[in-house]
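Single-structure report; data block below.
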2 protein chains.
Amino acid sequence: MNNIIQELRAKRNWSQMELANRLDVSRQTINALERGRYDPSLPLAFKIARVFGLAIEEIFVPDATE
Amino acid sequence: MNNIIQELRAKRNWSQMELANRLDVSRQTINALERGRYDPSLPLAFKIARVFGLAIEEIFVPDATE
DNA sequence: CTTCTATGTAAAGTATGCTTTACATCGTCG
DNA sequence: CGACGATGTAAAGCATACTTTACATAGAAG
């Protein structure tokens, strides 16, 4: 699963810490998501979409196999 | 998180087993999702949306707190 | 050069998602 | 009645998501 979190965050000039605070997760979680270490839970994906004012499908892109 | 999986499945006259097969998960997983025991992973949520031809946001509804 | 902010990463622990095996109940159909 | 398909549930085990603590590196700014 790919995502454009880093790009969306950069547009807003938010640090990973700033975004983490807005989402109520740790900075390490944001870092892991941006670096593709794992996918967020569905509830967190909803929060991320809400923070950026986008649909989940506009932020996350499953690979071919998913 | 609420979802309308059961309703969508019923419309298509699919058993839990039939849907599980289409999604490559166990029947117990479908049952647990319909009964609200837990939320799917994000990759599974994408698959579910694809099977029903809907957006994730049309199937899953976060509670007020999420 | 030192300090500060931002980022990357690791290890250990807890919580959640999903599997397999197994068993119970219910309705339908022979 | 007996068999069968569909559904609900439980326990044990493995994989993934997320946390806290901690340390490293790089760039900007004093």
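Below, chain A is the first sequence line, B the second, and so on; all start at residue 1. What you see below is based on every heavy atom in this structure, not just the backbone, and it leaves out hydrogens, waters and symmetry mates. On a predicted model such as this, the values are computed, not experimentally measured, just so you know.
Considering only heavy atoms from C-beta on, Glu18(A) stays 4.5 Å or farther from Arg12(A) through its side chain. Between Leu44(B) and Leu33(B) there is a side-chain heavy-atom pair separated by less than 4.5 Å. Inter-residue side-chain proximity for Leu23(B) and Thr29(B) is flagged as unmet; no heavy-atom pair is nearer than 4.5 Å.
Taking all atoms of both residues into account, the shortest heavy-atom contact from Phe52(B) to Ile5(B) is CZ-O, 4.3 Å.
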Practice task
Mark up nucleotides 15-20 of chain C, 5' to 3', with B wherever a protein heavy atom is under 4.0 angstrom from a base atom, S wherever such an atom reaches only the sugar-phosphate, and - elsewhere.
Solution key: --SBBB
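Among pairs with a residue in residues 36-61 of chain A, none fulfils side-chain hydrogen bond (donor to acceptor under 3.5 Å, both in side chains), at least two apart in sequence or across chains.
Between chain A and DNA chain D, the heavy-atom contact criterion of under 4.0 Å yields a 5' to 3' nucleotide range of dA17(D) to dA22(D).
One hydrophobic cluster holds both Leu54(B) and Ile59(A) under the rule that ILVMFWY side chains link at heavy-atom gaps under 4.5 Å.
In this structure, the side chain of Asn31(B) does not engage the main chain of Gln16(B) through any donor-acceptor pair within 3.5 Å. One N or O on the side chain of Arg9(B) and one on the backbone of Trp14(B) form a donor-acceptor pair closer than 3.5 Å.
One atom, CD of Gln16(B), and another, C1' of dT25(C), lie 14 Å apart when rounded to the nearest Å.
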